[in-house]
J.: 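My questions will all concern the structure given below.
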Amino acid sequence: MDFKTGIGKTGVALAYIIAFAMCVLNLIFHPVIIDGLPYGLCLPSPDMWPLDPVGSWIINLVLVAVITLLLFLINKSYNFIRTTEPALIAIFPIMTMSVPWFSQGVNTSVILCLVNVVCLAIIFASYDTRNATQQMFTVGVFLGIGSMFQYAFLPMAFVYFVWALFMKVLRIKETFAFVLGILCPYWIALGIGWLKFSDFQFPSLTPLFDVKQDHYEIILLLVAIAIAAVIGFMLAVTNFMKLYAGNSKVNAMNLCINILGAASVICILVDFDNMPAYVVTLFMCCAIQLANICALWNPPYPWLVSALPSFLYIAVFVCSLIF
């Protein structure tokens with residue numbers, strides 16, 4: 001690790017080793033079973049899927065790795081974080097794996113984050129195009145399918161709508177395609193008889209503190225959320241000062257990420273029953289803000305941008321093992 005210029009490849013490798021170690025230790029020494037999380041509109045939530053514990057753990061690990069890879073590839077393609085410092089792909093896995101709720105097995109939060117990253121790539125690719133109906137329809141389909149399994153996908157409809165506005169692709173045709181995409185999975189499922197109208201139900205909400213869960217685990221989850229929310233908000237305001245005077249496309253792409261982060265915080269506060277569903281997306285947005293510090297402000301010790309938040313989340317992980 002080069003402490004003068006950044007973490008480099010060695011630092012990224014170390015971050016992955018630490019994230020993987022936390023993931024393994026959580027599985028072995030601190031299993032977390034989350035009961036009572038809400039269902040989707042007509043199908044069971046991913047948190048309720050009857051998967052083998054080890055298989056679920058492996059799938060979840062692969063999903064986090066895919067999100068990290070996609071973030072790297074999207075930034076390489078669109079350069080919305082203009083730095084060679086790999087803070088984003090180093091910090092995000094540590095933040096996610098530090099909390100047992102998101103490293104134990106397949107869960108809504110990781111899946112929702114993956115969908116958000118894919119939709120972000122689709123929207124970025126359609127910037128200022130004359131016809132983005134296919135892209136908006138595809139985004140709507142992802143949203144529609146996800147909402148069948150977890151209603152946490154529905155608040156993202158507003159986020160994607162605003163994304164399209166900032167990326168200059170929101171017109172009447174695109175709006176119609178987006179709405180049609182949301183409805184399409186339901187239409188097909190009803191048409192082939194896979195679902196019936198009797199299968200639809202509003203989720204039975206259970207207050208998080210009524211869940212059969214150790215209160216220490218909930219407190220640590222809230223601490224992890226608070227760290228990401230505070231850091232993300234402060235850095236979003238700080239970075240906006242530089243982004244506002246920069247390239248309009250880069251500014252628009254980062255505004256999309258800011259909107260996603262803000263929406264995640266609002267959903268956590270408003271939809272407190274289903275709070276965990278939005279947390280990994282918040283972690284991703286916070287990691288992007290940290291990476292932008294290196295790109296926009298050129299700190300004298302860029303390795304600290306990755307190291308300091310990583311230490312905080314490693315401390316959260318250690319506390320989760322102790323308690």
Side-chain angles (χ1 to χ4, degrees), residues 37-47 67 70 74 107-127 129 131-190 195 197 199-203 205 232 252-285 288:
L37 285 179
Y39 281 67
L41 298 182
C42 51
L43 296 170
S45 165
D47 306 271
I67 294 172
L70 286 176
I74 293 170
N107 60 88
T108 298
S109 200
V110 169
I111 294 175
L112 178 60
C113 182
L114 175 60
V115 172
N116 282 328
V117 172
V118 172
C119 292
L120 196 69
I122 294 172
I123 294 294
F124 282 3
S126 62
Y127 178 79
T129 58
N131 187 351
T133 53
Q134 292 183 354
Q135 293 91 329
M136 292 303 297
F137 177 80
T138 303
V139 170
V141 168
F142 278 121
L143 188 65
I145 294 174
S147 65
M148 295 172 111
F149 293 92
Q150 239 287 355
Y151 72 86
F153 282 80
L154 288 179
M156 297 296 113
F158 174 76
V159 174
Y160 300 157
F161 191 81
V162 177
W163 281 3
L165 178 64
F166 278 107
M167 299 306 287
K168 303 179 182 180
V169 295
L170 188 61
R171 290 174 289 267
I172 295 177
K173 291 189 299 181
E174 282 75 11
T175 303
F176 180 76
F178 179 58
V179 174
L180 187 63
I182 296 174
L183 298 176
C184 184
Y186 293 97
W187 185 269
I188 293 174
L190 288 169
L195 293 176
F197 284 106
D199 295 325
F200 288 81
Q201 58 182 352
F202 289 101
L205 304 181
M253 290 189 288
N254 280 279
L255 277 174
C256 289
I257 294 162
N258 292 345
I259 292 166
L260 180 60
S264 300
V265 174
I266 293 171
C267 288
I268 288 170
L269 295 174
V270 174
D271 188 17
F272 196 75
D273 306 41
N274 201 23
M275 175 182 63
Y278 311 98
V279 176
V280 175
T281 298
L282 175 61
F283 286 169
M284 178 196 72
C285 295
I288 291 173

J.: Any side-chain donor-acceptor pair under 3.5 Å between Asp47 and Ser45?
T.: yes

J.: How long is the span from the CZ atom in Arg171 to the CG atom in Asn131, to the nearest 0.5 Å?
T.: 7.0 Å

J.: What's the spacing between Asn116 CG and Ile123 CD1 if we round to 0.5 Å?
T.: 11.0 Å

J.: Would you say Ser147's side chain and Leu154's backbone share a donor-acceptor pair under 3.5 angstrom?
T.: no

J.: Find out whether Tyr186 and Leu41 are in side-chain contact, i.e. whether some heavy atom of one side chain is under 4.5 Å from a heavy atom of the other.
T.: yes

J.: Look up atom CG in Leu255 and atom CE in Met167, then write down how far apart they are to the nearest 0.5 Å.
T.: 10.0 Å

J.: Tell me if a side-chain donor or acceptor on Thr133 pairs with a main-chain N or O of Ala177 at a distance below 3.5 Å.
T.: no

J.: What's the separation between atom CZ in Phe124 and atom SG in Cys119, rounded to the nearest 0.5 Å?
T.: 11.5 Å

J.: Check Ala125 against Thr129 and note the closest heavy-atom contact, atom names and distance.
T.: O-CG2, 4.4 Å

J.: What are the two closest heavy atoms between Phe142 and Phe153, and how far apart are they?
T.: O-CD2, 4.4 Å

J.: List the atom of Val141, the atom of Pro185, and the distance in Å for their closest heavy-atom pair.
T.: O-CG, 3.9 Å

J.: Taking C-beta and beyond as the side chain, do Leu195 and Met148 meet within less than 4.5 Å on heavy atoms?
T.: yes

J.: With rounding to the nearest 0.5 angstrom, report the CZ to CE distance, Phe176 to Met136.
T.: 13.5 Å

J.: Taking atom CH2 of Trp163 and atom OG of Ser126, what is their separation to the nearest 0.5 Å?
T.: 11.0 Å

J.: Which heavy-atom pair separates Pro44 from Phe149 by the least distance, and what is that distance?
T.: O-CD2, 3.4 Å

J.: Phe178 vs Phe161 aromatic rings, parallel, tilted or perpendicular, using cut-offs 30° and 60°?
T.: tilted

J.: Does CZ in Phe137 sit with more than 12 non-hydrogen atoms of other residues, nucleotides or ligands closer than 6.0 Å?
T.: yes

J.: Between Asn274 (side chain only) and Ala277 (backbone N and O only), is there a donor and an acceptor less than 3.5 Å apart?
T.: no

J.: Looking at every non-hydrogen atom in both residues, tell me the closest pair between Ile268 and Leu282 and how far apart they are.
T.: CD1-CD2, 3.9 Å

J.: Can you name the closest pair of heavy atoms from Cys285 and Ile257 and give their distance?
T.: SG-O, 3.7 Å

